[in-house]
Amino acid sequence: MKICVVGTGYVGLVSGVCFSDIGNSVTCIDIDERKIERMKMGESPIYEPGLDELMKKNINEGRLHFSTDLAEGMEGADAVYIAVGTPPKENGEANLAFVDKVAEQIGENLKDYKVIVTKSTVPVGTGKRVKAIIEKAAGHSNFDIASNPEFLREGSAIKDTMNMERAVIGVESAKAEALLKELHAPFNTTIVTADVETAEMIKYAANAFLATKISFINEIANICELVGADVTKVAEGMGHDNRIGSAFLNAGIGYGGSCFPKDTSALVSIAKQAGYDFKIVRDVEYVNKLQRFKIVDKLLEAYDNNIANKKIAVLGLAFKPNTDDMRDAPSIEIIEELQKHGAHPVGYDPVAAENAKKVINNLKTADSVEEAIQNADAILLLTDWDEIKNLDVAKAGKALNEKIMIDGRNVFDPGFMENQGFYYASIGRKTVNGKRVTS
Ligand code: UDX
């Protein structure tokens, strides 16, 4: 099959590469010439484990192409995927300007029947809107629209796509359904077929539900702290119930990234426009905002409310491990809050430091964990990269001015930290008031 994918962000690029890897001829289109040149050489513009290798393999085997020319990409294509960004507007609504523009250009170049598929997360009703735009620009309706939302996670995007748990296909014709089913057959997955609006809704409902799980366990964690319970055990006990499941029950500093914050607020907006107040998801967002600051409160508590001039080693900046993505990373507001209190945060991240500097004013970064913690007055653990999880705590204790760690990801065992002589606070577990040791 021949596929054209427009937009080479996370979703577009990973989907395009995976479609080529299962045997299709894929052309990925982007307006950014420099990016296209890099990708032609097999170089991924985003940090995603395994992506470069898979790109190179499929380029070398002649199935994966890159171009800035949409007409060239659409030539002979069976399906054209729209995978451009839908960034949030000030009011939380998704901005559809890029989608509209691409739809118009697709219409202008549409000579023969194709299925035009939206992969970007778009408000319910966008399929219809895309259809109207294409029809107007093409002057005919020899095409079908479809929705095929994406469920990949950054950091495990290739694995998530190649082993997808389900494919959701929103269609309005049997022809489009057959084509998209054929395209997805090699993934050996469950295919959920629906109308276009329902497919669009599935994506929002799935993301909002996962975000709800996170805010729910974070609130349970906050209550655990008040009543002396341990949230990790609570989550374990809950998770064995198949109806609940153990995934996404890790309490922490709240969710960030390019999807959950954007999609929850877009869904609240979609509901509002339809005349419905989506109270649960509004609260999910509210709880998530507050959760980021809990970790700063805990640090203030350790220092009797005064962290002025304290050097704070902030370990992990990206919103989660295995990505350099800083979009809506909790670290941004946490570091700004530390700065407001007069502290001197020094950030370390295996790959996101450069991106972090672009979005956090006056951010000092270190090139290694060791450099960040040397003579620091406390560690704030924000992202559970393997490298950070494998921290040599005894060694770290010697490098620190004060053995204080506030662990936003519940990486370490409180009993172990107590034995190491640390003041150790985490999320929803007991705080260890170890002796402060000044080295
Ligand atoms: C998410 C969805 O999982 C994916 O299906 C969708 O297509 C895009 O959005 P992603 O944003 O890449 O993927 O990351 P994910 O692994 O879902 O984590 C999102 C955020 O939630 C991170 O900030 C993570 O730290 C946080 N999280 C996740 C928790 O705080 N606790 C958890 O138990 C799980």
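Atoms within a ligand are numbered from 1 in the order they appear, just like the ligands themselves. Only this structure's heavy atoms are used, side chains among them; waters, hydrogens and symmetry mates stay out.
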Task: Centroid separation Phe19 to Tyr81 less than 6.0 Å - done: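 So the answer is yes for these two rings.
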Would the distance check show the side chain of [X] and the main-chain N or O of [Y] forming a donor-acceptor pair, the cut-off being under 3.5 Å?
X: Ser426; Y: Asn410; result: no
X: Asn218; Y: Gly252; result: yes
X: Thr189; Y: Met164; result: yes
X: Asp384; Y: Arg409; result: no

Open item on the list: Set out, in order, the CA-CA distance, both residues' side-chain angles and the distance that settles side-chain contact (heavy atoms from CB on, under 4.5 Å) for Val234 and Asp230, then state yes or no.
Closed with: CA-CA 6 Å; Val234 173; Asp230 181 323; 5.9 Å; no
I'd like to know whether ligand 1 has [X] as a neighbour, heavy-atom separation below 4.0 Å.
X: Lys203; value: yes
X: Gly252; value: no
X: Gly257; value: no

- [ ] Check step by step if side-chain contact (heavy atoms from CB on, under 4.5 Å) holds for Cys259 and Thr121.
- [x] CA-CA 9 Å; Cys259 286; Thr121 304; 5.6 Å; no
Before signing off on this row, confirm whether [X] and ligand 1 have an N or O atom pair separated by under 3.5 Å.
X: Phe260; value: no
X: Lys320; value: yes
X: Gly256; value: yes

If we set the cut-off at 4.0 Å for heavy atoms, which region of [X] has an atom near ligand 1: side chain, backbone, both, or neither?
X: Leu152; result: backbone
X: Arg327; result: neither
X: Ile214; result: side chain
X: Leu249; result: backbone

Mark up the atoms of ligand 1 that fall under 4.0 Å of a heavy atom belonging to [X], in ascending order.
X: Cys259; answer: 8 (C), 9 (O)
X: Arg409; answer: 25 (O), 30 (O)
X: Phe151; answer: 4 (C), 5 (O), 7 (O)

TODO: Counting heavy atoms only, name the option from Lys213, Glu165, Glu154, Lys262 that's nearest to atom 12 (O) of ligand 1.
DONE: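 Nearest option to atom 12 (O) of ligand 1, by heavy atoms: Glu154.
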Open item on the list: Regarding atom 17 (O) of ligand 1: of the candidates Phe248, Phe319, Tyr255, which has the closest heavy atom?
Closed with: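 Considering heavy atoms of Phe248, Phe319, Tyr255, the nearest to atom 17 (O) of ligand 1 sits in Phe248.
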Task: Worked verdict on Lys233 versus Glu236 for salt bridge (charged side-chain N to carboxylate O under 4.0 Å, His left out) - done: CA-CA 5 Å; Lys233 277 285 158 199; Glu236 188 188 329; 3.0 Å; yes
Open item on the list: To the nearest 0.5 Å, what is the distance between CZ on Arg292 and CD on Glu336?
Closed with: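 The distance works out to 10.5 Å.
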